[in-house]
Structures are given as structure tokens and as C-alpha cells.
Amino acid sequence: DVKVTQSSRYLVKRTGEKVFLECVQDMDHENMFWYRQDPGLGLRLIYFSYDVKMKEKGDIPEGYSVSREKKERFSLILESASTNQTSMYLCASNPDREQETQYFGPGTRLLVL
Amino acid sequence: AQSVTQPDIHITVSEGASLELRCNYSYGATPYLFWYVQSPGQGLQLLLKYFSGDTLVQGIKGFEAEFKRSQSSFNLRKPSVHWSDAAEYFCAVGPINSGYSTLTFGKGTMLLVSP
């Protein structure tokens with residue numbers, strides 16, 4: 001069965017902290033994605049990766065960075081967390097074939113105080 | 001740039017009644033089209049997708065969607081709603097012949113089911 005896991009369901013951090021959100025998939029997928037989800041705004045793509053050590057900016061990369069050292073793991077990094085980064089963060093993955101279904105993790109709800 | 005519009009933020013339907021959720025897209029050509037559902041506290045699950053061929057697509061949980069090129073629409077339907085269908089529904093589009101399989105999502109429609 002397809003599985004995407006995220007390291008935390010809920011996270012509370014303080015302004016200025018460095019925050020790591022981890023995502024792991026067990027399907028040997030080439031592509032991985034990070035989205036943030038906010039009420040009334042839907043899902044917005046932050047970054048994605050199509051291979052180990054490769055990354056591409058999405059629609060809203062400002063204030064974020066990513067790391068993909070292993071194929072199964074894709075990390076989202078908030079270098080200095082701010083209150084406007086309070087949000088739900090969703091990770092997804094899919095195989096490297098055109099428009100294959102994206103499989104989503106359960107999400108991490110981040111609160112920055 | 002491609003965009004997706006879901007004109008209804010909330011919809012309330014009585015249990016057993018039929019459902020139609022609207023989705024319109026803006027794109028230069030026919031894109032790939034998806035509907036996802038998100039139950040409370042969960043990630044997104046694919047309901048159905050359209051790539052080509054028959055414009056009426058069947059999905060899981062009794063959902064179907066119809067692609068209408070002339071209207072740039074991909075509306076989701078279900079003939080009889082169950083209380084467990086209460087969730088948020090997202091329409092998404094993806095470009096054909098793109099190097100990467102990124103998606104653009106609509107802002108979602110929250111479905112409430114009344115007894």
C-alpha cells in the first residue's frame with residue numbers, strides 16, 4: 001500500500017527558530033512535493049524535487065528551503081520561522097511519469113508563536 | 001498561467017440528495033484534471049482523474065466527473081450523498097507534455113451533509 005509519512009502531525013515553534021519538516025515515502029517515487037494549505041487559499045506549491053539533490057521552486061518558495069539527500073526523504077526547512085508561516089504543510093510524491101497521481105501524507109500543522 | 005476556480009466555498013446537501021461540485025479551469029490546452037478529497041485531519045486522497053478519452057470519468061466512493069471542453073469545466077457529481085462524504089474537495093489541473101508533473105489546485109469546496 002502506498003505510504004507517505006510526515007514526522008509530526010502538530011508542531012509549535014517560536015519566531016526565529018529553525019524548523020525542519022520531514023517527509024518519507026516508501027514507494028520509490030522520483031518526485032516529491034511540499035505544499036502549504038491555508039483556509040480559502042487551497043494548496044500552494046512551495047518546492048518540489050524530481051531527483052536526489054535536485055530541487056525546483058514552486059509558487060511560494062520565499063522563506064523556505066528544501067533538502068533531498070536520499071530518494072525516499074524530502075525535508076522542508078524554515079530557516080527563521082515567522083508567524084505568517086503558521087499553516088498546514090502537506091508532502092506528496094509520485095513516480096516520474098507524466099501526471100501520475102500524487103500521493104499525500106497526513107500533513108503537519110505548524111503553529112509559530 | 002493556468003488557474004483553477006471552484007466557485008463554491010461551502011455547499012450543504014441533505015443526506016441522500018444528489019451533489020454537483022463545480023470546477024472551471026483556465027489553460028491554453030486541455031490539461032490533466034483531478035479531483036481530490038480531504039477528510040478532517042487527513043491528507044488528500046485522489047477521487048478520480050481525466051487524461052483523455054471518454055469525458056465521463058468514474059472514481060472511487062461512487063463519484064464521477066464530466067469533462068466539458070467547451071465550458072472548460074470538470075464538475076464532480078454523486079447521485080446520493082452519504083454523511084461520510086462530508087469533507088473538503090479540491091479540483092486540480094496539470095499541464096500536458098510538461099517536464100514536471102506539478103499541479104495547480106483550486107481553493108476547495110467544503111461539503112456539509114445535513115441529516
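As a basis for the values below, the full set of heavy atoms in this structure was taken, side chains included, without hydrogen atoms, waters or symmetry mates. Letters go in sequence order (proteins before strands), and every chain restarts at 1.
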Using the rule that two of Ile, Leu, Val, Met, Phe, Trp, Tyr join whenever any of their side-chain heavy atoms come within less than 4.5 Å, decide whether [X] and [Y] are in one cluster.
X       : Y        : result
A:Trp34 : A:Leu11  : yes
B:Val81 : B:Ile11  : yes
B:Tyr89 : B:Leu33  : yes
B:Leu48 : B:Val37  : yes
A:Leu21 : A:Leu113 : no

query: Take atom NZ in B:Lys107; do more than 12 heavy atoms of anything else shown fall under 6.0 Å from it?
result: no
message: Around atom CD1 of A:Ile77, are there more than 12 heavy atoms from other residues, nucleotides or ligands closer than 6.0 Å?
response: yes
Counting only non-hydrogen atoms closer than 4.5 Å, does [X] touch chain B with its backbone (N, CA, C, O), its side chain (CB onward), both, or neither?
X       : result
A:Leu43 : both
A:Arg9  : side chain
A:Gln6  : neither

message: Using 0.5 Å steps for rounding, measure from the OG1 atom of B:Thr102 to the CD atom of A:Glu56.
response: 10.0 Å
- line: Looking only at heavy atoms, the pair that brings A:Gln102 and B:Leu103 closest together is NE2-CG, 3.6 Å
query: So, do A:Thr101 and B:Tyr36 sit near enough that their side-chain heavy atoms are less than 4.5 Å apart?
result: yes
Side chain / backbone / both / neither for [X] at chain A, heavy atoms under 4.5 Å:
X       : result
B:Gln6  : neither
B:Gln38 : side chain
B:Leu46 : side chain

query: Pick from A:Gly40, A:Gly58, A:Pro39: which one has the most heavy-atom pairs with chain B under 4.5 Å?
result: A:Gly40
